[in-house]
Amino acid sequence: MCFEYQLGDAGLLKSFKNPLVIIPLLVISTAIIVYLIIHILFGNTSTWKYCVEDFETYRKDFEIVTDFCQEYIVQNEALENERIIFVYDSKEKELLCDWENVDVSDEIKKSFEKIKEAFPNKDAQFDSVTVAQGKTYFETHNGLYSVVYSEEDTPKLVDGVNKGKSRRIYGNWYHVVKR
């Protein structure tokens with residue numbers, strides 16, 4: 001019995017030396033390793049591909065618009081749990097709040113224009129600002145990414161409704177991607 005077991009090991013060893021066995025094993029192993037490396041190194045990059053790249057350049061404009069939107073809501077006595085949406089029409093140079101025209105200064109209009117520039121990815125263009133539950137969401141048209149201002153806690157939503165994954169940019173500012 002001991003002898004048979006040793007012969008079995010020798011036969012197994014011979015099959016691993018056979019090129020018809022080694023080549024497929026090497027190809028499969030290489031494919032698995034390459035797949036894992038790509039997902040480990042680049043998986044996180046693709047998750048955050050829509051992010052505003054140079055936030056510091058546009059930070060003042062984000063702050064101006066955030067302050068304006070939050071003040072507008074207070075002045076118009078919007079309900080605290082309500083979602084208020086601001087849309088800037090760059091062609092007409094007008095701001096709409098819940099589809100009603102809002103008079104704004106040239107400074108606010110310029111800030112909206114600069115914020116639009118901050119979103120360079122053609123697949124994730126700046127679309128609107130939503131204020132909900134004390135947070136301000138600068139959303140993309142595809143709904144997959146937002147720059148969010150949150151004083152109280154790390155945002156868990158990408159747009160005030162859909163779950164998101166957050167990463168701090170600076171202070172109370174966050175990148176948020178849809179889960």
D89 vs L96, side-chain contact (heavy atoms from CB on, under 4.5 Å): CA-CA, chis, key distance, verdict: CA-CA 8 Å; D89 182 352; L96 304 172; 5.6 Å; no
Check: F112 ring centre within less than 6.0 Å of Y88 ring centre: yes
Heavy atoms of other groups near K60 NZ, more than 12 under 6.0 Å: no
Name of the residue among K49, K165, R167 meeting side-chain contact (heavy atoms from CB on, under 4.5 Å) with V177: K165
Test of ring centre spacing under 6.0 Å for Y149 and F62: no
Donor-acceptor pair between Q125 and T140 side chains, under 3.5 angstrom: no
Q70 versus T136, side-chain donor and acceptor atoms under 3.5 Å: yes
ILVMFWY cluster, V131 and L157 together (side-chain gap under 4.5 Å): no
Exam field: side chain R179 to backbone K163, donor-acceptor pair closer than 3.5 Å: no
Residue D153 excluded, over 12 heavy atoms near CG under 6.0 Å: yes
Single-linkage hydrophobic cluster, 4.5 Å side-chain cutoff, V176 and Y170 together: no
Of D67, D61, D106, the residue whose pairing with S111 passes side-chain hydrogen bond (donor to acceptor under 3.5 Å, both in side chains): D61
Stacked cation flag R168 on W173, 6.0 angstrom / 45 deg: no
Verify same cluster id: I169, F126 (apolar side-chain graph, 4.5 Å): yes
K109 NZ: over 12 foreign heavy atoms closer than 6.0 Å: yes
Salt bridge flag under 4.0 Å for residues E113 and K93: yes
Cluster check Y137, I85: I/L/V/M/F/W/Y, side chain < 4.5 angstrom: no
Verify same cluster id: W48, Y174 (apolar side-chain graph, 4.5 Å): no
Ring-ring centroid check Y50 F119, cutoff 6.0 Å: no
